[in-house]
Protein chains: 2
Amino acid sequence: MAGVRARQKEKTRRALIDAALNQLSAEISFSSLSLREVAREAQIAPTSFYRHFQNMEELGLTLVDEGGLALRQLLRQSRQRIDSGGSIIRVSLETFIYFVTHHSSVFRLLLQERSGTSREFRDAVAREIDHFKSELADYLMAERKMPRRLAELQSDAIVRVVFSAGADALDLEDDAKLRLMEQTIVQVRMVARGAQTFMGDDQILPASVHIPAKPDHSS
Amino acid sequence: MAGVRARQKEKTRRALIDAALNQLSAEISFSSLSLREVAREAQIAPTSFYRHFQNMEELGLTLVDEGGLALRQLLRQSRQRIDSGGSIIRVSLETFIYFVTHHSSVFRLLLQERSGTSREFRDAVAREIDHFKSELADYLMAERKMPRRLAELQSDAIVRVVFSAGADALDLEDDAKLRLMEQTIVQVRMVARGAQTFMGDDQILPASVHIPAKPDHSS
DNA sequence: ACATTGAGCGAACACTTGTAAGCTGAAAGT
DNA sequence: ACTTTCAGCTTACAAGTGTTCGCTCAATGT
């Protein structure tokens, strides 16, 4: 196994994925991408595309999955490096800004498809974002001894603020980007301090916090 | 003046705007809208479109402006109704949810074009959002006696959280939407309380907070 | 050695798209 | 009364789109 044939297939599959990623830019969104152009850049005939994906949507979902996974791994790594001192908020945000800057096409994709026209896309992105939330909430519960509901509420707010700031960062020069990051760090601290003030009163929290659009079956 | 001719022109201009708004939905974004279809729904020949707008982008910018204005007016109204008791946070969020629910096409437009492929669109939406931020910051400075920088930081965070929640609300049933709103209210309170804890220390704030992508020349 | 599989191809189909050119006819200006 | 203006029209074109069909031919299975 790992036959010549299977290896070649995987190769052109990647070529398609890379071609799509390559064409994505500030001016070209995924939905404005055409099957033919992607195939052209991947150096295959338009019709051969169907040997790898049923349609463009399937390719897009692959990109979302890969992109979300990449960001999550990056964040997980930097969180592990924390133990050797340093603010977790600052390090996480630096990592995040790094991702936004150096994988901007992927981040733009997540951002756009989050409120795009395909329900499947939206759910896929929501799932990725849910992962971030959960991992952050787990951290808060373990590290800061927070009750689950409060931790989830807080991490939800933080993820919203950070992603929104990331969206703005896409259009900024390096120095403005850094200033935005500093601002965001303070805002995250604001949320954190605000959450602390709720540590006593359980009843002020709404009954249910987690509203999944669809059950999640991934790892 | 107010001649027959000008009145008729204004009428079909509105027909075009309404046709575009009408076609926008969860499945159809503005960028996937075609000039021909819009013209068809407005009952004019495709080429006549150009008598009113230079291209689709110009139509879109009109929609963004009108939509942003509508939301701002709604929020301003509800803020005035506050004096007669009631939490400003709750009332504003109820108003916001109302807008998201009953003008979902417009809100979706703002949301999508915020990180869309046209720089002009992005700037236009950023301008609208800046208005919200400023009006909220003004309120916080006047009502809560906050220093400008802290008020801006706080309102920026709040607008980010609320808009992000609004995006999620688009896909939810009525009851889930209400629960999300309650959750968001708590999160906004978290931000507000957190901001309060910064009331003393001025130096912890980053030097510059406001990073305009482009100067704003609107009212 | 021989049969099967399947990635990749070229040609073709049926559409849709934006937009240019030039005409018509009623409203507006003089 | 005569001219100018201009919103809206018809016709036309060139360029792109996704997708079907049936072929080739090297890698694979037996």
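Being a predicted model, the structure only gives us computed values, none of them experimental. Every chain is numbered from 1, with letters handed out A, B, ... down the list of sequences.
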Please tabulate, for the side chains in residues 39-55 of chain A, all donor-acceptor contacts under 3.5 angstrom to protein atoms that are two or more places apart in sequence or on a different chain.
| from | atom 1 | to | atom 2 | distance (Å) |
| --- | --- | --- | --- | --- |
| A:E41 | OE1 | A:Q23 | NE2 | 3.0 |
| A:E41 | OE2 | A:N22 | ND2 | 3.2 |
| A:H52 | NE2 | A:T12 | OG1 | 3.0 |
| A:N55 | OD1 | A:E57 | N | 3.2 |
| A:N55 | OD1 | A:E58 | N | 3.1 |

Between the protein and nucleotides 23-26 of chain D, which nitrogen or oxygen pairs are less than 3.5 angstrom apart?
none

Task: Spacing of A:I44 atom CD1 relative to C:dG10 atom P, expressed in whole Å - done: 12 Å
- [ ] Write out all pairs satisfying side-chain hydrogen bond (donor to acceptor under 3.5 Å, both in side chains) with one or both partners inside residues 101-114 of chain B, taking only residues at least two apart or from two chains.
- [x] B:T101-B:K177
- [ ] Report yes or no: is there a donor-acceptor pair, N or O only, under 3.5 Å between the side chain of B:T47 and the base of D:dG8?
- [x] no
- [ ] Return each pair, listed once, that meets salt bridge (Lys or Arg N to Asp or Glu O under 4.0 Å) where at least one residue sits in residues 19-36 of chain B; pairs must be two or more places apart or across chains.
- [x] none
- [ ] Rounded to the nearest angstrom, tell me the gap between atom NZ in A:K11 and atom C1' in C:dG8.
- [x] 15 Å
TODO: Check whether any side-chain nitrogen or oxygen of A:S48 sits under 4.0 Å from OP1 or OP2 of C:dA7, and answer yes or no.
DONE: no
TODO: Check whether any side-chain heavy atom of A:E128 sits under 4.5 Å from a side-chain heavy atom of A:L71, and report yes or no.
DONE: no
Task: Distance below 4.0 Å between A:Q8 side-chain N/O and C:dG8 OP1 or OP2 - done: yes
Open item on the list: What's the closest nucleotide to the side chain of B:H52 if the choices are D:dT19, D:dG8, C:dG8?
Closed with: D:dG8
- [ ] Whole angstrom is fine here: how far is it from CZ in A:F53 over to C1' in D:dT19?
- [x] 18 Å
Task: Counterpart residues, salt bridge (Lys or Arg N to Asp or Glu O under 4.0 Å), relative to B:E37 (two or more places apart) - done: none
TODO: Would you please name every residue forming a side chain to side chain donor-acceptor pair (under 3.5 Å) with A:Q187, sequence neighbours left out?
DONE: B:D156
Open item on the list: From the set C:dA7, C:dA28, D:dA27, return the single nucleotide nearest to any side-chain atom of A:K9.
Closed with: C:dA7
- [ ] Sequence neighbours left out, what passes side chain to side chain donor-acceptor pair (under 3.5 Å) with A:T95? Give chain and number order.
- [x] A:S78
TODO: Taking only heavy atoms on the protein side, list every residue of residues 12-32 of chain B lying under 4.0 Å from any atom of DNA chain D, sorted numerically.
DONE: B:T12
TODO: Not counting sequence neighbours, which residues clear ring-ring contact (aromatic ring centres under 6.0 Å, His included) with B:F96? List them please.
DONE: B:F107, B:F163
Extract all donor-acceptor atom pairs below 3.5 Å that involve side chains of residues 13-20 of chain B and protein atoms in other chains or at least two apart in sequence.
| from | atom 1 | to | atom 2 | distance (Å) |
| --- | --- | --- | --- | --- |
| B:R14 | NH1 | B:E66 | OE2 | 3.4 |
| B:R14 | NH2 | B:E66 | OE1 | 3.2 |

Open item on the list: Can you confirm whether B:D174 sits close enough to B:L178 that some side-chain heavy atom of one is under 4.5 Å from a side-chain heavy atom of the other?
Closed with: no
Task: Residues forming a salt bridge (Lys or Arg N to Asp or Glu O under 4.0 Å) with B:D175, sequence neighbours excluded - done: B:R179
Task: Atom pair distance, as rounded to whole Å: CD in A:Q43 and P in C:dG10 - done: 12 Å
Open item on the list: How many whole angstroms separate atom CD of A:E58 from atom P of D:dG18?
Closed with: 16 Å
Using a cutoff of under 3.5 Å, can you pull out all pairs of nitrogen or oxygen atoms linking the protein to nucleotides 15-18 of chain C, with atom names and distances?
| from | atom 1 | to | atom 2 | distance (Å) |
| --- | --- | --- | --- | --- |
| C:dT17 | OP1 | B:S34 | OG | 2.9 |
| C:dT17 | OP1 | B:E37 | OE2 | 3.4 |
| C:dG18 | OP1 | B:L35 | N | 2.9 |
| C:dG18 | OP2 | B:L35 | N | 3.4 |
| C:dG18 | OP2 | B:R36 | N | 3.2 |
| C:dG18 | N7 | B:R36 | NH1 | 2.4 |
| C:dG18 | O6 | B:R36 | NH1 | 2.8 |

